[in-house]
Amino acid sequence: MGVLVAVEGLDGAGKATIVAALSRGARARGARVGTLAFPRYDDDVHAALAGEALRGAHGDTGASVHAMALLFALDRRAAREELETLRRDSDLLLVDRYVASNAAYGSARRHETIGPFADWVRATEIERFGLPLPDAQVLVRVPPDLAAQRVRDRAAQQPDRAADGFEADAALQGRCAAVYDALVAEQWLSPWWVSDNRQSGDDALTRTADAILDAVLTDAFAPGSSVRSDTIET
Ligand SMILES: Nc1ncnc2c1ncn2[C@@H]1O[C@H](COP(=O)(O)OP(=O)(O)O)[C@@H](O)[C@H]1O
Ligand SMILES: Cc1cn([C@H]2C[C@H](O)[C@@H](COP(=O)(O)OP(=O)(O)O)O2)c(=O)[nH]c1=O
């Protein structure tokens, strides 16, 4: 049964980039690696609807914090079997965005830190939908203005990645960064590690991935070892 590690952070923080580096690094260490990314826009109707709502479709769906969060949550609910299969067939299952994304973005939209909305996400997704708790969560942390710059650069290179409603909202991204820090401080759902992804370049990326793998695999693979949370120095 593989270790389930969720990778979290702002839009443009570098989650997909770090998941790819983690996957390469873990395979180089001999681990079987599975990956999954939410929202599954191409594979699930709830995710597709959420993506369209982020770009203004479906009336006032996008304006409703709970409606958007339910669509993202139903996408994950529909992926339970896939999550189980991937986990069974791997040593490490990396998930790009998971339940904490709903807690972070929804709370930020409602101008809360950790409070009633995060509790509702936990009650809905973990307790009611039966989604597995992550073994560890990694916050890919960069200042919101750097994440926004990366979103703009990415959109310039890939026209199909033009900023959506959440990405274009700088104030929301700033509040979301604060909620992520609060989720880490509270160790919400599981142990968290924080990974600084301000530096650019392949060497920095490899060091970051190695530091995360050392932290996550060492603790997770050693039964009975004490689980700790740290800021990873890279
Ligand atoms: N450490 C880094 N230095 C420079 N650019 C980066 C770094 N990490 C990611 N990027 C670039 O920033 C953009 C956003 O990264 P991505 O991994 O797609 O973010 P996310 O999945 O968090 O939205 C991409 O164009 C990626 O190549
Ligand atoms: C998965 C997920 C995403 N989101 C938000 C974060 C992003 O701003 C937005 C879209 O997800 P994102 O991962 O950015 O998709 P893409 O980069 O392919 O457009 O949805 C939630 O609010 N809750 C969730 O559960």
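Just follow the structure's listing: the first ligand is 1, and inside any ligand the first atom is 1. Keep in mind that what you see is a predicted model, and the values were worked out from it rather than measured.
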Do F38 and D44 pass the side-chain contact (heavy atoms from CB on, under 4.5 Å) test, and can you show the C-alpha distance, the side-chain angles, and the key distance before you say yes or no?
CA-CA 10 Å; F38 293 105; D44 182 81; over 6 Å; no
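- When only non-hydrogen protein atoms are considered, atom 23 (N) of ligand 2 lies nearest to N102 OD1, 3.0 Å.
- At the shortest separation from atom 19 (O) of ligand 1 among protein heavy atoms lies G14 N, 3.1 Å.
- For atom 21 (O) of ligand 1, the closest non-hydrogen atom of the protein is A16 N, 2.9 Å.
- Nearest protein heavy-atom neighbour of atom 4 (C) of ligand 1: S200 CB, 3.5 Å.
- The protein heavy atom nearest to atom 25 (O) of ligand 1 is R154 CB, 3.9 Å.
- In this structure, V151 has no heavy atom closer than 4.0 Å to ligand 1.
- At a 3.5 angstrom cut-off on N or O pairs, I18 does not count as close to ligand 1.
- With ligand atoms numbered from 1 in the order given, ligand 1 contributes 22 (O) to contacts under 4.0 Å with heavy atoms of L10.
- Distances below 4.0 Å separate heavy atoms of F166 from the following atoms of ligand 2: 5 (C), 8 (O), 20 (O), 22 (O).
- A donor-acceptor contact shorter than 3.5 Å is absent between the side chain of Q157 and the backbone of R154.
- Here D196 does not pair with R207 in a salt bridge; the nearest charged N to carboxylate O distance is not below 4.0 Å.
- Among all protein heavy atoms, the one lying closest to atom 6 (C) of ligand 1 is R150 NE, 3.6 Å.
- Under the 4.5 Å side-chain contact rule for hydrophobic residues, M1 and L4 do not share a cluster.
- Contacts between R161 and ligand 2 below 4.0 angstrom, taking non-hydrogen atoms only, involve the side chain exclusively.
- Taking only non-hydrogen atoms, the option from R76, R97, R40 nearest to atom 25 (O) of ligand 2 is R76.
- Between D135 and R87, at least one side-chain N (NZ, or NE/NH1/NH2) sits under 4.0 Å from a carboxylate O, which counts as a salt bridge.
- Ligand 1 has an N or O atom lying under 3.5 Å from an N or O atom of K15, backbone or side chain.
- Between the side chains of D169 and Q173, no donor-acceptor pair is found at a separation under 3.5 Å.
- Annotation: atom 20 (O) of ligand 2 to nearest protein heavy atom, F72 CZ, 3.2 Å.
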Could you check T17 against V140 for side-chain contact (heavy atoms from CB on, under 4.5 Å), going step by step and ending with a plain yes or no?
CA-CA 10 Å; T17 305; V140 182; over 6 Å; no
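- Scanning all protein heavy atoms for the shortest distance to atom 22 (O) of ligand 2 gives Y105 CB, 3.2 Å.
- The backbone N or O of K15 lies less than 3.5 Å from no partner atom in the side chain of R97, so there is not a single donor-acceptor pair.
- With a heavy-atom cut-off of 4.0 Å, D153 does not touch ligand 1 at all.
- Considering each of D11, L10, D96, the one bringing a non-hydrogen atom nearest atom 7 (C) of ligand 2 is D11.
- Screening L86, L22, L94 against V33 for a side chain to side chain contact (heavy atoms under 4.5 Å, CB included) leaves a single residue, L94.
- Considering backbone and side-chain N/O atoms, T17 comes within less than 3.5 Å of an N/O atom of ligand 1.
- Look at D91 and R32 and you find a salt bridge, because one of the NZ, NE, NH1 or NH2 atoms lies within 4.0 Å of a carboxylate O, short of that distance.
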Under the criterion side-chain contact (heavy atoms from CB on, under 4.5 Å), I'd like the reasoning laid out for Y180 against S107: C-alpha separation, chi angles, the key distance, then a yes or no.
CA-CA 10 Å; Y180 270 127; S107 302; over 6 Å; no
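- Counting heavy atoms from C-beta outward, F166 and R109 have side chains that approach closer than 4.5 Å.
- Heavy atoms of L54 found under 4.0 angstrom from ligand 2 belong exclusively to the side chain.
- Taking every heavy atom of N197 and a limit of under 4.0 angstrom, the matching atoms of ligand 1 come to 1 (N), 2 (C), 7 (C), 8 (N).
- Protein heavy atom at the shortest distance from atom 10 (C) of ligand 2 is Y41 OH, 3.1 Å.
- In this structure, T208 contributes its side chain and A204 its backbone to a donor-acceptor pair below 3.5 Å.
- Within the 4.0 Å heavy-atom cutoff, A13 counts among the residues contacting ligand 1.
- Counting atoms of ligand 1 from 1 in the listed order, those under 4.0 Å from a heavy atom of Q199 are 1 (N), 2 (C), 3 (N).
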Let me see the working for H66 and R110 under side-chain contact (heavy atoms from CB on, under 4.5 Å), right down to the final yes or no.
CA-CA 10 Å; H66 284 84; R110 289 165 55 87; 3.5 Å; yes
